[in-house]
Amino acid sequence: MKKRLIQNVRLAPANAITSPFLLLHLKTKAFLVHKLSESTNPILTNLLHTLTVKLGLVSDTFTVNLLINSYVKLREVNTARKVFGEMCQPNVVSWTSVISGFNDMGQPQTALSMFQKMHEDRSVPPNEYTFASVFKACSSLAESRIGKCIHARFEISRLRSNTVVSSSLVDMYGKCNDVETARRVFDSMIGYGRNVVSWTSMITAYAQSGRGHEAIELFRSFNASTTLDRPNQFMLASVISACSSLGRLKWGEVAHGLVTRGGYESNNVVATSLLDMYAKCGSLSCAEKVFLSIRCHSVITYTSMIMAKAKHGLGEAAIKLFDEMVGKRIKPNYVTLLGVLHACSHSGLVNEGLEFLNSMAEKHGVIPDPRHYTCVVDMLGRCGRVDEAYDLAKTIQVGAEQGALLWGALLSAGRLHGRVEIVCEASKRLIQSDQQVTSAYIALSNAYAVAGGWEDSESLRLEMKRSGNVKERACSWIESKGSVYVFHAGDLSCDESGEIERFLKDLEKRMKERGHRGSSMITSSSVFVDVDEEAKEAMVNLHCERLALAYGLIYLPAGSTVRIMNNLRMCRDCHEAFKLISEIVQREIVVRDVNRFHCFKNGSCTCRDFW
DNA sequence: CTAGGGTTAG
């Protein structure tokens with residue numbers, strides 16, 4: 001039956017020679033096909049659509065596929081789907097075009113349900129192209145469960161893996177935070193070859209799961225191989241962001257050199273990642289230089305620079321930049337507003353921050369979500385308006401993951417201002433959120449201990465052990481002349497601790513003499529109440545950044561730059577404290593504020609190697 | 001003469 005159909009189609013040109021009408025028809029069809037494949041104009045495409053109907057070509061799968069793709073390119077995916085729905089013989093190209101159309105429109109969920117329909121239909125089996133598109137949809141949704149099922153379906157489909165399908169799988173597993181599986185797929189690709197895209201997917205998988213060292217390592221092997229291409233803008237952007245999360249300015253500068261050599265400086269994505277890298281590695285002036293070199297600004301370039309200034313405690317400058325951006329009619333999004341709130345929070349502009357929160361929906365069309373509220377709770381908490389912070393936190397409806405961040409912010413506020421009842425409440429909520437927040441157990445246990453509730457403290461510790469909540473060692477690190485020294489919290493118990501404590505106490509005294517007041521995390525000495533050894537260690541955890549700072553200041557040569565990288569939650573007090581410390585010890589201090597959740601895991605050396 | 005993969009700000 002099918003065979004005869006194909007034969008009939010093949011016969012058509014032979015008939016055409018004898019029929020002038022058919023000949024005209026074929027010529028028109030060739031014209032239509034040509035125009036459809038190059039149309040970037042909605043009016044033209046609509047016209048060609050009408051022509052398709054008039055010529056009776058709606059039953060011609062090939063022509064209608066082109067029509068679908070034309071609508072997909074014009075981002076009119078719903079029209080594309082409508083045309084697709086009216087087809088009598090959709091083939092695998094028709095299905096794949098619609099699926100990838102939904103991907104392009106940021107509707108991966110719909111792409112997946114189209115694939116499901118295709119599967120239920122059973123008339124057209126998917127091919128490699130279809131699978132690659134579907135894996136991309138799973139990647140955007142970070143849907144590892146569905147992704148694995150479809151991967152299995154691909155494996156039993158007797159289709160052969162190729163570079164593109166496997167690259168999309170590497171990307172998918174990477175985005176689903178299953179780096180090991182991503183690596184297994186990547187390693188399995190040896191048989192049919194890997195290209196720049198496959199390598200980029202794997203490097204990105206490492207970079208985005210806090211495994212920057214492995215990302216850089218892989219980038220090195222890519223460059224070492226003589227048979228492969230040079231890195232392109234995609235790979236460089238990813239590598240630069242790996243340098244940012246590692247805080248390695250030196251490596252970031254090398255990557256910048258590669259950007260220049262490759263001529264990718266004018267690429268906005270690359271420039272934005274460079275800007276962010278310089279800001280996170282402590283060099284705001286270089287970040288600013290990159291920002292000024294950008295010709296065509298977008299909401300993303302502005303947001304990055306606002307965030308950069310926010311991190312460096314330049315709240316007013318960040319707000320000024322925000323106003324400049326709005327003045328240029330660039331519409332802020334929710335990230336931009338997060339940056340602005342962040343700026344207010346880190347510069348003590350509390351009333352301005354509250355004003356932004358209350359007016360952002362009306363003025364900028366961005367409805368505050370839990371992340372914005374968390375930022376404001378954090379801001380109120382830092383400056384001591386803990387009760388307001390608590391009242392605000394209570395009113396917010398959040399899911400478990402967001403809840404952990406929200407109550408985590410309140411927990412540090414309670415801890416910073418010695419509010420035991422807030423610490424208790426926040427810790428309880430954190431533990432309820434069930435997000436593996438060990439710090440909540442420790443804080444709550446300490447709070448009970450401080451309040452004298454020893455039995456509660458003890459039972460909580462047992463609960464921790466029972467639930468397998470293993471404590472991760474906090475760490476901080478400093479960089480000097482390209483070497484990185486890592487300090488783990490436990491190291492304070494080593495022989496030098498006496499000298500460190502004396503140094504910090506002396507520093508605090510001298511800062512008081514110079515009129516510095518306030519309780520920045522750097523100078524405030526830890527309060528050890530009479531708790532057991534384990535609790536003491538937990539408290540020391542909070543202060544490993546002080547340890548790193550002290551080591552850096554005492555043992556690095558005068559005049560050198562002390563680059564501190566940790567997960568300090570900077571506030572205006574901290575910035576002022578650093579300025580003062582800088583003057584007192586006559587070292588340039590560069591602080592970098594890394595993402596709290598990007599823990600430095602593969603330290604190249606520890607405290608002991610430093611000596 | 002139709003279709004597929006990678007990157008950035010929180």
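Order of the sequence lines sets the chain letters (A, B, ...), proteins ahead of strands, with each chain counted from 1. Because the structure is predicted, anything quoted here is derived from the model rather than measured.
You'll find that the side chain of V197(A) is closest to dG5(B), out of dA3(B), dT8(B), dG5(B). Distance from the side chain of S133(A) is smallest for dG4(B) among the nucleotides dG5(B), dT7(B), dG4(B). Between dG5(B), dT7(B), dT2(B), one nucleotide has an atom nearer to the side chain of V93(A) than all others, and that is dT2(B). The side chain of Q208(A) sits closest to dT8(B) out of dG4(B), dT8(B), dT7(B). Among the nucleotides dG5(B), dG10(B), dA3(B), the one closest to the side chain of S97(A) is dA3(B). Of the listed nucleotides (dG5(B), dT2(B), dT8(B)), dT8(B) has the atom at the smallest distance from the side chain of T272(A).
Residue L36(A) contributes atom CG, which lies 12 Å from atom P of dA3(B) at whole-angstrom precision. The separation between N65(A) atom CG and dA3(B) atom P is 9 Å, rounded to whole Å. Taking atom CZ on F234(A) and atom C1' on dT7(B), their separation rounds to 6 Å, with Å as the unit. Spacing between atom CG of N69(A) and atom C1' of dA3(B) amounts to 6 Å, rounded to whole angstrom units. When the P atom of dG10(B) is taken as reference, atom NE2 of H342(A) falls 9 Å away, rounded to whole Å. Rounded to an integer number of Å, the gap from NZ of K73(A) to P of dG4(B) is 9 Å. Rounded to an integer number of Å, the gap from CG of D229(A) to C1' of dT7(B) is 16 Å. The OH-P distance, from Y173(A) to dG5(B), rounds to 18 Å in whole Å.
One donor-acceptor pair, N or O on each side, does fall under 3.5 Å between the base of dG5(B) and the side chain of N195(A). Taking 3.5 Å as the limit, the base of dA3(B) and the side chain of N127(A) contain a donor-acceptor pair of atoms between them.
Aromatic ring centres of Y71(A) and H49(A) lie closer together than 6.0 Å. F186(A) has its ring centre less than 6.0 Å from the ring centre of W199(A). Taking the centre of each ring, H297(A) and F291(A) come in below the 6.0 Å mark. In this structure, F356(A) has its ring center under 6.0 Å from that of F322(A).
Separation of atoms NE2 (H372(A)) and CE (M360(A)) is listed at 3.5 Å; rounding is to 0.5 Å.
For the pair R220(A) and W251(A), the cation-pi criterion (under 6.0 Å, within 45° of the ring axis) is fulfilled.
Contacts of S304(A) with the nucleic acid, taken as non-hydrogen atoms under 4.0 Å apart, involve only primed sugar atoms and P, OP1 or OP2.
Listed by residue number, the members of residues 327-339 of chain A with any heavy atom below 4.0 angstrom from DNA chain B are N333(A), Y334(A), V335(A).
Remark: K309(A) is not in phosphate contact with dA9(B), judged by side-chain N or O atoms under 4.0 Å from OP1 or OP2.
Residues passing the ring pair (Phe, Tyr, Trp, His ring centres under 6.0 Å) test with Y278(A) are H256(A), sequence neighbours excluded.
Within the structure, salt bridge (Lys or Arg N to Asp or Glu O under 4.0 Å) pairs that include any residue of residues 187-204 of chain A comprise R183(A)-D187(A) (at least two apart or interchain).
Residue Y129(A) and nucleotide dA3(B) are classified as a stacked aromatic pair, their ring centres being separated by less than 5.5 Å at an interplanar angle below 30°.
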